[in-house]
Amino acid sequence: MKTRFDIHYHTEWGESLTLVLKDEKYPMQWTPGDVWTVTVPKCGAAELSDYGYILVKDGLTVRTEWERHSASPASEISDSWIDCPFEGCPFPRRHSAPIFDRPGFRGAGTAIPVFSLRSSKGFGIGEFLDLKPLIDWASATGQCIIQLLPVNDTTRKGQWADSYPYSPVSSFALHPMYIRLQALGIKEDEEFIRCRKSLNSLSGLDYPKVFKAKMEYLLRAYDQFGAGDLSSAAYRKFYRKNIEWLGEYCEFCARRDSREPDFYAWVQYHLDKQFSEVAAYAHKKGVYLKGDLPIGVSADSADAYFHPELFNLDSSAGAPPDFFSADGQNWGFPTYNWDEMAKDDYAWWKSRLRKMSEYFDAFRIDHILGFFRIWEIPTEFRSGLYGHFNPALPYSAEEIASAGLPLDGLFHEDPRHPGMYQPLISPDTTALDDAQKQRFDGIFNDFFYHRHNEFWRINAEKKLPELLGATGMLACGEDLGMVPDCVSGVMDRQKILSLEMAMMDKGRPWPYLSVCATSSHDMDTLRMQKEEDPAPWECRRILWEHLESASMLAIFPLQDWLSLDSSVRLKDRSRERINHPENPGHHWRYRMHLDVEELLNCNELNVAVESLLKDSFRFNR
């Protein structure tokens, strides 16, 4: 059916409206009376179930509606712009969790990787269903959010390298290691109990052993229950809903392991079933899950295999030298071909986020700087010192020569712009005289901190509104490290919460639209940050300093909450560390030293947490 859309909206010079049906855009025309209109030749019930309007200027989205429209098929539809219905809400879009949109809302929560959970029902590794007792504890103590590390599949050979959660082989598939075997119908016989006891008795996660044991049980369970599950109406519904990525992922895994694709689809069906159960349980308890969106996807992934045009497979993403690593970081996954992704308005990203939103109400954008620019390292190098910015505005050889500077030791060629040069992040200036050093310092500082501000701002604002509007998840950005000036402005306009840490001071008070944290998975825990192990009262003081801040959310690693009780905290604080980012071969193996079910019985700890949240007006129940 042909449908004409009309909406009244007063625009300023240079502004225009665009109709967005699902993900298709239709630029509108101004008519007298400030009525914008467009006619869509084919517009059925599916398109009208989810549509909206955006305000555009200079090719960028500058305003969105609070929520989307829906309508029945008709030849003419007249709409009104939907604004936020209550005063004081700082966000331009409605979130799926209404608690985040409450004016003045402040909350607190816990960060923990799923693999780090320990329970009596687990199998040597944390599982999705282990989140239920953690949710019970969070709810009982007044917390409202639980933050996880990425939960996507990272399986390659089942070895230690697969323990790295930021190198997924699929941006959509969940990790098979997080499945609860018993929920598949596997009997807890003597062999099962013996194996589980052996794996659970280890102080940390032994990834290769857990992988081998779990895969053996999964293959047995598939032989026993797979045919019945695959013929069920529930499975067929799951498959139809996820067909866009599931078929490619299953074929990718089947080729890798020489198994039938249906096995991997069956595993994903049960993972989705268990994780969806956890997400629904959290909502009933007034607790919300916050996911982690890795900035990269592995070169040996289903995404890169089936869609190589979306990636620059000749380079690796990383980070220049910073607080975490003096040598920089090389994460080992390709950078994105953003020009190609823009051709369909970032459909791959939108699909990725929509899948994520099935489980999460908030998400952390890992290395949000990657949406402005990425530190790109040619694949022939390992060290982050040999990287360059992409995109960038490099210098010509003539510009450098006019400054009286040599190329050698100071600049390297930009692979994306042959014949153009970027300053080395670690230049050798020993052969320069004082005047040359001063000129080079000026070029260096301009390049890394000023030259690209407007260029990178526009680069980010082309992408972020498209992605943020795809779901109702609350967006939080990991904006640490070498951060250009344009980042904070874009994050503020898009209402993306910043990350604030005392040890990485940004030279300004922590804003309301932020998440404050005592540490992260890449850092020493609160207790490890001090020369002497701080007493519980000292840890309480530090937590209080964060909780009384203006930040909308205060999310602390579980280890830092446990530091409040000397009878509960881990005796050896050095074992609390999750990751060492300067070591690419690090084994991700941290596990809780007590069962997660025991947290509800830690009375002294729970009283301390509850009182801190009540006193700081962050208690939510």
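Checking side-chain atoms of S301 against main-chain N and O of A304 turns up a donor-acceptor pair under 3.5 Å. In this structure, R618 contributes its side chain and M552 its backbone to a donor-acceptor pair below 3.5 Å. The backbone N or O of V297 sits nowhere less than 3.5 Å from a side-chain atom of D303 that would complete a donor-acceptor pair. Between the side chain of S139 and the backbone N or O of D136, no donor-acceptor pair lies under 3.5 Å. Between the R220 side chain and the I186 main chain, no donor and acceptor come within less than 3.5 Å of each other. A donor-acceptor distance shorter than 3.5 angstrom exists from the side chain of K463 to the backbone of F371, with no hydrogens or angles considered. For the pair S167 (side chain) and Y164 (backbone), a donor-acceptor distance under 3.5 Å is absent. Proximity of a side-chain donor or acceptor of R118 to a complementary backbone N or O of N200 within less than 3.5 Å is detected. Looking at H307, its side chain never comes within 3.5 Å of a backbone N or O of A302 through a donor-acceptor pair. With hydrogens and angles disregarded, a donor-acceptor distance shorter than 3.5 Å links the side chain of K214 to the backbone of I179.
Counting only N and O atoms by type, the side chains of D572 and S574 include a donor and acceptor under 3.5 Å apart. In this structure, a donor-acceptor pair under 3.5 Å is absent between the side chains of S514 and S498. Side-chain atoms of N606 and W137 form a donor-acceptor pair, as typed in the model, at a separation below 3.5 Å. Side chains of T110 and Q143: a donor on one and an acceptor on the other come within 3.5 Å. Under the 3.5 Å distance criterion, with hydrogens and angles disregarded, no donor-acceptor pair is assigned to the side chains of E604 and S567. Side-chain contact check for D479 and H367: no donor-acceptor pair (N or O, by modelled atom type) lies under 3.5 Å. Side-chain atoms of H95 and D101 form a donor-acceptor pair, as typed in the model, at a separation below 3.5 Å. Residues W266 and Q268 have side chains that never bring a donor and an acceptor to within less than 3.5 angstrom of each other. There is no side-chain donor-acceptor pair under 3.5 Å between D162 and T155. D292 and Y166 share a donor-acceptor pair across their side chains, judged by distance under 3.5 Å alone. No side-chain N or O of W544 forms a donor-acceptor pair with one of S616 less than 3.5 Å apart. In the model, N152 has no side-chain atom that pairs as donor or acceptor with a side-chain atom of R352 under 3.5 Å. No side-chain N or O of R621 forms a donor-acceptor pair with one of T141 less than 3.5 Å apart. Side-chain N/O atoms of H270 and Y222 include no donor and acceptor closer than 3.5 Å.
Partners of E260 under the salt bridge (Lys or Arg N to Asp or Glu O under 4.0 Å) rule, at least two apart in sequence or in another chain, do not exist in this structure. Annotation: side chain to side chain donor-acceptor pair (under 3.5 Å) contacts of H175 (sequence neighbours excluded): T154, Y207. The ring-ring contact (aromatic ring centres under 6.0 Å, His included) test applied to Y264 returns no partner, not counting sequence neighbours.
Using a 30° and 60° split on the angle between ring planes, F128 and F275 fall in the parallel class, below 30°. Ring geometry for Y217 versus F192: interplanar angle over 60°, hence perpendicular rather than tilted (30 to 60°).
You'll find the side chain of R527 reaches within 4.5 Å of the side chain of P534, heavy atoms only. The shortest distance between side-chain heavy atoms of D560 and S519 falls below 4.5 Å. Looking at W331 and I377, their side chains never come closer than 4.5 Å, going by heavy atoms from C-beta outward. H521 places a side-chain heavy atom less than 4.5 Å from the side chain of L149. Side-chain contact between P208 and D206 is present, with heavy atoms from C-beta onward closer than 4.5 Å. Proximity of L131 to L148: side-chain heavy atoms (C-beta onward) are separated by under 4.5 Å at one or more points. By the 4.5 Å heavy-atom criterion applied to side chains, C476 and K290 are counted as neighbours. For the pair R540 and L612, the minimum side-chain heavy-atom distance is below 4.5 Å.
Summarising the geometry, atom OH belonging to Y269 is positioned 11.0 Å from atom CD belonging to Q274; distances are rounded to the nearest 0.5 Å. Distance check: S563 OG to L558 CG gives 10.0 Å after rounding to the nearest 0.5 Å. One distance of note links OG1 of T335 with CZ of F311; it measures 10.0 Å at 0.5 Å rounding. Within the model, atoms SG of C195 and NZ of K212 stand 9.0 Å from one another, a figure rounded to the nearest 0.5 Å. L513 CG to S551 OG: the interatomic distance, rounded to the nearest 0.5 Å, is 9.5 Å.
Taking a cutoff of 4.0 Å between a charged side-chain nitrogen and a carboxylate oxygen, R569 and D533 qualify as a salt bridge. Look at R354 and E358 and you find no salt bridge, because none of the NZ, NE, NH1 or NH2 atoms lies under 4.0 Å from a carboxylate O. Between D189 and K187 there is no salt bridge, since no side-chain nitrogen of the basic residue lies less than 4.0 Å from a carboxylate oxygen of the acidic one. Contact check on E277 versus K273 returns no salt bridge, with no Lys/Arg side-chain nitrogen under 4.0 Å from an Asp/Glu carboxylate oxygen. Salt bridge annotation for R180-D130: present, with a cationic side-chain nitrogen under 4.0 angstrom from a carboxylate oxygen. A salt bridge is defined here as a Lys NZ or Arg NE, NH1 or NH2 lying under 4.0 Å from an Asp or Glu carboxylate O, and D300 with R156 meets this definition.
Aromatic pair H546/W510: centroids less than 6.0 angstrom apart. In this structure, Y336 has its ring center under 6.0 Å from that of W349.
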Using side chain to side chain contact (heavy atoms under 4.5 Å, CB included), reason through R577 and T525 one step at a time and then give a plain yes or no. CA-CA 6 Å; R577 181 84 184 237; T525 60; 5.7 Å; no

Begin from the C-alpha positions of R196 and E188 and carry the test salt bridge (charged side-chain N to carboxylate O under 4.0 Å, His left out) through to its verdict. CA-CA 9 Å; R196 179 177 64 190; E188 297 186 61; 2.7 Å; yes

Checking Y590 against I112 for the side chain to side chain contact (heavy atoms under 4.5 Å, CB included) test, could you report, in this order, the C-alpha distance in whole Å, the side-chain angles of both residues, the deciding distance, and whether it holds? CA-CA 10 Å; Y590 167 75; I112 185 76; 4.2 Å; yes

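Taking the centre and axis of the six-membered ring of Y239, the NZ or CZ atom of R236 falls outside the cone set by 45° and 6.0 Å. A cation-pi arrangement is not found for K355 relative to F172, the charged atom failing to lie both closer than 6.0 Å to the ring centre and inside a 45° cone about the ring normal. Taking the ring centre of F91 as origin, the terminal cationic atom of K495 falls outside the region bounded by 6.0 Å and 45° from the ring axis.
Closest approach of V267 to P176, counting heavy atoms only: CG1-CB, 4.1 Å. Shown here for Y178 and P150, the closest heavy-atom pair between the two residues is OH-O, 4.4 Å. Here the closest non-hydrogen pair linking L547 and A554 is CD2-CB, 3.8 Å. Across all their heavy atoms, Q329 and P581 have their closest contact at OE1-CB, 4.0 Å. Closest non-hydrogen pair, L564 versus C539, comes out as CD2-C, 4.1 Å. When all heavy atoms of T518 and M503 are compared, the pair lying nearest together is O-CE, 3.8 Å.
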